[in-house]
Chemist: 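Structure incoming, see below.
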Amino acid sequence: MPNRLGGESSPYLRQHKDNPVDWEPWDDQALARAREQDRPLLVSIGYSACHWCHVMAHESFEDERIAALMNERFVCVKVDREERPDIDAICMEACQAITGQGGWPLNAFLTPDGVPFYAGTYFPPESRHGLPSWRMVLDGVAEAWSNRRDQIGRQGAQMVQALGATARIEPSVEPITQELVREALVALWGTYDRANGGFGRAPKFPPASVIELLLARGEREMSLGTLEAMARGGIYDQVGGGFARYSVDATWTVPHFEKMLYDNALLARAYLHGWQVSGNHRFQRVCRETLDWALREMCGPEGGFCAALDADSEGVEGKFYVWTPDELRSALGERCDAAIEYFRPKRFEHGLILEAHGPEPEDLPEIRRALLEVRSQRVRPGLDDKRLTSWNALMISALAEAGAALGREDYIEAALRCAEFVQRERRAPDGSLMRTPQVSGFLEDHAFLLEALISCYEATGDPSWYREATALADALIERFEDPERGGFFTTASDHEQLAARRKDLEDSPIPSGNSAAASGLLRLAALSGDGRYERHALGVLRLLLPIATRHPGAFGHLLGAADFYLAPVKEVAIVGPSPEAGELLRVVRGAYRPHLVLATGEADGVPLLEDRGPVDGHAAAYVCERFVCQAPVTSPEELAAAL
């Protein structure tokens with residue numbers, strides 16, 4: 001059976017097309033072969049920016065003898081976890097149940113019916129550090145399949161029950177109160193790192209959703225302290241903008257150098273809001289630089305955004321981003337001493353990492369341009385150029401909101417171009433939403449895009465985006481809802497049947513589909529007045545809020561949705577001629593207003609604009625709450641007072 005990955009759209013799968021392993025993608029052909037040959041599936045899961053995935057591939061999957069064992073005993077399947085989060089979630093949950101830990105690379109062994117019975121992460125080619133060799137794992141699993149099939153069957157039945165546990169969570173009947181959200185904030189203080197910002201110990205991941213929750217609740221120390229620490233640390237690319245996926249230490253100094261689209265979309269919004277709250281110029285600059293990086297390095301010619309940049313270049317982690325003293329002096333000349341005083345480079349295994357300390361030098365833009373010019377001549381890290389609907393939706397939201405708040409029409413245009421790309425290129429012939437051209441959309445694709453379409457509408461006042469949002473919300477409810485317990489399944493009702501139909505819960509590292517669905521549906525309910533959207537959002541809150549209050553670090557976006565539901569949300573309609581309407585819009589957009597929805601432009605089916613008109617020929621703002629409106633105002637000062 002030849003290796004079948006050469007024609008796949010995922011760059012991660014194509015990286016393995018020349019392995020001597022007879023890799024197959026996860027599809028009907030691979031599953032049928034496992035059933036026909038009565039062999040276990042060996043499902044190896046990773047992603048293009050995963051350093052240890054590359055290590056294991058080089059050590060084991062490129063080895064002819066190891067590959068021969070894999071081919072002889074198993075049907076070997078490669079999965080891109082970013083393309084197929086449903087398969088990854090099932091195998092990861094099995095791995096954690098079996099071993100007590102997880103991570104990538106993830107190697108799982110499944111029955112031909114798709115039920116995991118053994119799993120682990122990285123295995124070396126030879127035993128070391130207490131880890132069995134990959135060859136030993138292959139021998140052990142093959143022996144168990146041949147001689148202990150009954151035991152595997154019993155374990156499989158138990159595993160199926162465990163994998164379906166998230167779908168069996170019962171909703172709470174207790175009222176949703178402010179006290180629940182307050183309890184979550186108190187719990188966050190228990191894990192906050194007062195010295196370095198962030199939560200917990202190393203490694204540290206950027207907690208964008210938690211920061212957004214804290215800002216919305218009016219908390220400043222944890223939120224602004226973490227934003228400041230990350231902006232000054234090596235996790236932030238001080239030369240080119242954008243954030244690495246995480247820091248290996250507690251001080252945000254040494255990053256794991258890959259850059260993910262989702263992190264940067266979420267963090268750009270967090271820094272925008274941090275600037276609106278604090279007036280800290282650094283936060284606004286980080287927001288702009290992060291979005292500019294995404295447009296410069298991640299945006300394809302059609303307007304869609306690529307998924308990730310690798311940590312490695314020329315086979316060395318971080319080589320693209322670090323410096324030697326001689327390189328700094330050569331690039332900066334007489335500016336070098338001032339730059340070193342500001343950046344205070346930290347030694348890393350392969351060079352110096354730049355941080356930011358003290359006041360910014362006046363010529364910082366020139367310093368950064370000079371370093372960026374030199375760095376652009378280096379061999380670039382690998383680019384994962386797949387366009388995932390959900391991650392693109394996060395970037396649409398960031399660009400649309402930042403464009404409206406900062407007066408950057410180029411950001412709004414980029415957001416709309418990406419939204420048009422998704423609507424044009426990520427629709428199946430039957431109109432259903434796709435994650436990639438080959439993979440059906442999951443809950444997160446629908447939910448993130450719902451939030452993005454609402455952002456596009458609020459940034460432009462174009463009612464077509466409002467109509468797209470309502471149509472998508474209706475499809476989300478129809479295809480993903482759990483009518484029995486509430487909330488939404490990860491996969492649609494017509495999706496491929498796996499070992500279990502799950503519900504994604506946690507907002508880490510990105511918001512869960514359920515949290516994003518609740519947030520988007522609540523905003524749409526406020527815009528439309530349609531209580532059906534709110535009822536479905538409440539189904540999510542009743543299901544997950546009891547868990548979220550106990551583990552707030554993992555449920556920031558869900559708690560943010562609860563905060564929005566509990567707040568006195570302002571529904572603002574602005575109508576009338578320009579430039580007066582523009583002046584009123586600047587008031588709304590000029591401050592951080594997490595508990596507000598905005599309708600403007602032509603009514604054309606937007607309920608909040610119906611029967612609203614100018615006052616004595618002047619543009620007017622109608623400020624409402626639960627669709628009960630104050631008298632319209634026509635001046636920016638009156639509007640600011642009403643908000």
Chemist: Between R502 and D86, does at least one N-O distance fall below 4.0 Å, as a salt bridge requires?
Modeler: no
Chemist: If you define the side chain from C-beta out and look only at heavy atoms, does anything of Y236 sit under 4.5 Å from M230?
Modeler: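 Contact flag for Y236/M230 side chains = no.
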Chemist: Determine whether the side chains of N107 and S44 contain a donor N or O and an acceptor N or O closer than 3.5 Å.
Modeler: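 On atom types as modelled, these side chains qualify, holding a pair under 3.5 Å.
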Chemist: Without swapping roles, check the side chain of T490 against the backbone of D504 for a donor-acceptor pair under 3.5 Å.
Modeler: yes
Chemist: Hey, what's the ring geometry for F283 with Y271, parallel, tilted or perpendicular (30° and 60° as the breaks)?
Modeler: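 Answer is perpendicular, since the angle exceeds 60°.
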Chemist: Please determine whether salt bridge (charged side-chain N to carboxylate O under 4.0 Å, His left out) holds for the pair D27 and R4, giving the CA-CA distance in whole Å, both sets of side-chain angles, and the decisive distance to 0.1 Å.
Modeler: CA-CA 11 Å; D27 61 10; R4 292 174 52 214; 2.5 Å; yes
Chemist: So do the side chains of E83 and W26 get within less than 4.5 Å of each other, counting heavy atoms only?
Modeler: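 No, their side chains stay 4.5 Å or more apart.
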Chemist: Looking just at side-chain N and O atoms, do H16 and E8 make a donor-acceptor pair shorter than 3.5 Å?
Modeler: no
Chemist: Answer yes or no on whether R424 is positioned over the face of F421, meaning its NZ or CZ is under 6.0 Å from the six-membered ring centre and within 45° of the axis.
Modeler: no
Chemist: Take R380 and E297, measure what salt bridge (charged side-chain N to carboxylate O under 4.0 Å, His left out) needs, and give me the verdict at the end.
Modeler: CA-CA 11 Å; R380 296 186 58 78; E297 299 192 23; 2.7 Å; yes
Chemist: Salt-bridged, K204 to D249, with N to O below 4.0 Å?
Modeler: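 Salt bridge absent between K204 and D249.
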Chemist: Could you list the donor-acceptor pairs under 3.5 angstrom formed between side-chain atoms of residues 306-313 and any protein atom two or more places apart in sequence or on another chain?
Modeler:
from, atom 1, to, atom 2, distance (Å)
D310, OD1, D312, N, 3.4
D310, OD2, H54, NE2, 3.4
D312, OD2, H51, ND1, 3.3
S313, OG, F320, N, 3.3

Chemist: Tell me, do I87 and L498 make a side-chain contact under 4.5 Å, heavy atoms counted?
Modeler: yes
Chemist: List the steps, then state whether side chain to side chain contact (heavy atoms under 4.5 Å, CB included) holds for F117 with M159.
Modeler: CA-CA 8 Å; F117 63 91; M159 183 63 70; over 6 Å; no
Chemist: Is the count of non-hydrogen atoms from other residues, nucleotides or ligands lying under 6.0 Å from H58 atom NE2 greater than 12?
Modeler: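 Incorrect, the count does not exceed 12.
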Chemist: Kindly indicate whether the side chain of W465, heavy atoms from C-beta on, has any atom under 4.5 Å from the side chain of S455.
Modeler: no
Chemist: Hey, is CG on D28 packed in by over 12 heavy atoms from elsewhere, all under 6.0 Å?
Modeler: no
Chemist: Using a 4.5 Å cut-off on heavy atoms from C-beta on, say whether the side chain of E444 contacts that of S512.
Modeler: no
Chemist: Can any side-chain N or O of E302 pair as donor or acceptor with the backbone N or O of G304 at less than 3.5 Å?
Modeler: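 Between the backbone of G304 and the side chain of E302 there is a qualifying donor-acceptor contact (under 3.5 Å).
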Chemist: Could you state the interatomic distance from CE (M298) to CG (N264), rounded to the nearest 0.5 Å?
Modeler: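 M298 CE to N264 CG: 8.0 Å, rounded to 0.5 Å.
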Chemist: Rounded to the nearest 0.5 Å, what's the gap from CG on L227 to NE2 on H273? Could you check?
Modeler: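 One finds 11.0 Å between CG of L227 and NE2 of H273.
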Chemist: Does one side chain, of S432 or D430, offer a donor that lies under 3.5 Å from an acceptor on the other?
Modeler: yes
Chemist: Return the minimal non-hydrogen interatomic distance between C76 and V21, and the atom names on each side.
Modeler: CB-CG1, 3.8 Å
Chemist: Looking only at side-chain N and O atoms, does S397 offer a donor or acceptor that is under 3.5 Å from a partner on E451?
Modeler: no
Chemist: Please tell me if the side chains of N19 and N3 come closer than 4.5 Å, counting only heavy atoms from C-beta onward.
Modeler: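 Touching, per the 4.5 Å side-chain cut-off.
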Chemist: For Q238 and A231, indicate whether the former's side chain and the latter's backbone hold a donor-acceptor pair under 3.5 Å.
Modeler: yes
Chemist: Report the C-alpha separation of R14 and D80 in whole Å, then their side-chain angles, then the decisive distance to 0.1 Å, and conclude whether the salt bridge (charged side-chain N to carboxylate O under 4.0 Å, His left out) test is met.
Modeler: CA-CA 10 Å; R14 293 199 305 272; D80 183 336; over 6 Å; no
Chemist: Does G198 offer a backbone N or O that forms a donor-acceptor pair with the side chain of T226 under 3.5 Å?
Modeler: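 Indeed, once roles are kept as given, a pair shorter than 3.5 Å links the two residues.
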Chemist: How many angstroms lie between NE2 in H536 and CG in D482, if you round to the nearest 0.5 Å?
Modeler: 11.5 Å
Chemist: Check step by step if side chain to side chain contact (heavy atoms under 4.5 Å, CB included) holds for L266 and L394.
Modeler: CA-CA 7 Å; L266 293 167; L394 293 175; 4.0 Å; yes
Chemist: Hey, is the main chain of A67 close enough, under 3.5 Å, to the side chain of N71 for a donor-acceptor pair?
Modeler: yes
Chemist: Less than 4.5 Å apart, any side-chain heavy atom of P20 and any of M70?
Modeler: no
Chemist: So, taking the atom named CG in L354 and the one named CZ in R368, what distance separates them when rounded to the nearest 0.5 Å?
Modeler: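 Between L354 CG and R368 CZ, I get 10.5 Å after rounding to 0.5 Å.
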Chemist: Any donor and acceptor pair, going by atom type alone, linking the side chain of R245 with main-chain N or O of D263 inside 3.5 Å?
Modeler: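 Not at all, since once roles are kept as given, no pair shorter than 3.5 Å links the two residues.
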Chemist: How far apart are the C-alpha atoms of R479 and F488, what are their side-chain angles, what is the distance that settles it, and do they pass the side chain to side chain contact (heavy atoms under 4.5 Å, CB included) test?
Modeler: CA-CA 9 Å; R479 300 181 66 223; F488 299 96; over 6 Å; no
Chemist: Are F74 and F109 close enough, and set up right, to give a ring pair (Phe, Tyr, Trp, His ring centres under 6.0 Å), and what steps lead you there?
Modeler: CA-CA 9 Å; F74 306 97; F109 296 86; 5.2 Å; yes
Chemist: Decide side chain to side chain contact (heavy atoms under 4.5 Å, CB included) for R84 and F442; before the verdict, give the C-alpha distance in whole Å, the side-chain angles of both, and the deciding distance to 0.1 Å.
Modeler: CA-CA 9 Å; R84 290 300 302 264; F442 299 100; 4.0 Å; yes
Chemist: Find the distance between CD1 (I412) and CD (E401) and round it off to the nearest 0.5 Å.
Modeler: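 Reported value, rounded in 0.5 Å steps: 11.0 Å.
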Chemist: Start with the C-alpha distance between E468 and Q423, add both sets of side-chain angles, then the distance that settles side chain to side chain donor-acceptor pair (under 3.5 Å), and finish with yes or no.
Modeler: CA-CA 9 Å; E468 293 284 0; Q423 294 292 75; 2.8 Å; yes
Chemist: Who pairs with C287 by disulfide bond (SG atoms under 2.5 Å apart), at least two apart in sequence or on another chain?
Modeler: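 Counting only residues at least two positions away or on another chain, C287 forms no disulfide bond (SG atoms under 2.5 Å apart).
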Chemist: Say whether K78 and Y12, considering side chains only, have a donor N or O and an acceptor N or O under 3.5 Å apart.
Modeler: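 Note: K78 and Y12 side chains meet the donor-acceptor criterion.
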Chemist: Given 3.5 Å as the limit, does a donor-acceptor pair link the side chain of D88 with the main chain of E82, or not?
Modeler: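 Not confirmed, D88 side chain does not pair with E82 backbone.
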Chemist: Test ring pair (Phe, Tyr, Trp, His ring centres under 6.0 Å) on Y246 and F257; report intermediate values, then the result.
Modeler: CA-CA 8 Å; Y246 66 90; F257 287 90; over 10 Å; no
Chemist: My understanding is that only one of Y122, F123, W104, Y47 makes a ring pair (Phe, Tyr, Trp, His ring centres under 6.0 Å) with W52; could you say which?
Modeler: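 Testing each of Y122, F123, W104, Y47 against W52, the sole residue satisfying ring pair (Phe, Tyr, Trp, His ring centres under 6.0 Å) is Y122.
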Chemist: Treating S519 as the side-chain partner and S515 as the backbone partner, does any N or O pair qualify as donor plus acceptor under 3.5 Å?
Modeler: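 Not confirmed, S519 side chain does not pair with S515 backbone.
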Chemist: Does any non-hydrogen side-chain atom of F243 lie less than 4.5 Å from one of D237?
Modeler: no
Chemist: Quick one: closest heavy-atom pair of A473 and L521, and the distance?
Modeler: CB-CD2, 3.9 Å
Chemist: For W323, does the six-membered ring have the charged nitrogen or CZ of R378 within the cation-pi criterion, i.e. under 6.0 angstrom from the centroid and within 45° of the normal?
Modeler: yes
Chemist: Counting the benzene-type ring for Trp, do H495 and F489 have ring centres under 6.0 Å apart?
Modeler: no
Chemist: Can T389 and D445 be counted as having a side-chain donor-acceptor contact under 3.5 angstrom?
Modeler: no
Chemist: First locate atom CZ of R387, then atom OG of S9, and finally report the distance between them rounded to the nearest 0.5 Å.
Modeler: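 Going from CZ on R387 over to OG on S9, the span is 11.0 Å.
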Chemist: Show the nearest heavy-atom pair for residues I90 and A499, with the distance to one decimal.
Modeler: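 Between these two residues, the closest heavy atoms are CD1-N, 4.1 Å.
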Chemist: Look only at the side chain of R81 and the backbone of P85, and say whether a donor-acceptor pair between them is shorter than 3.5 Å.
Modeler: no
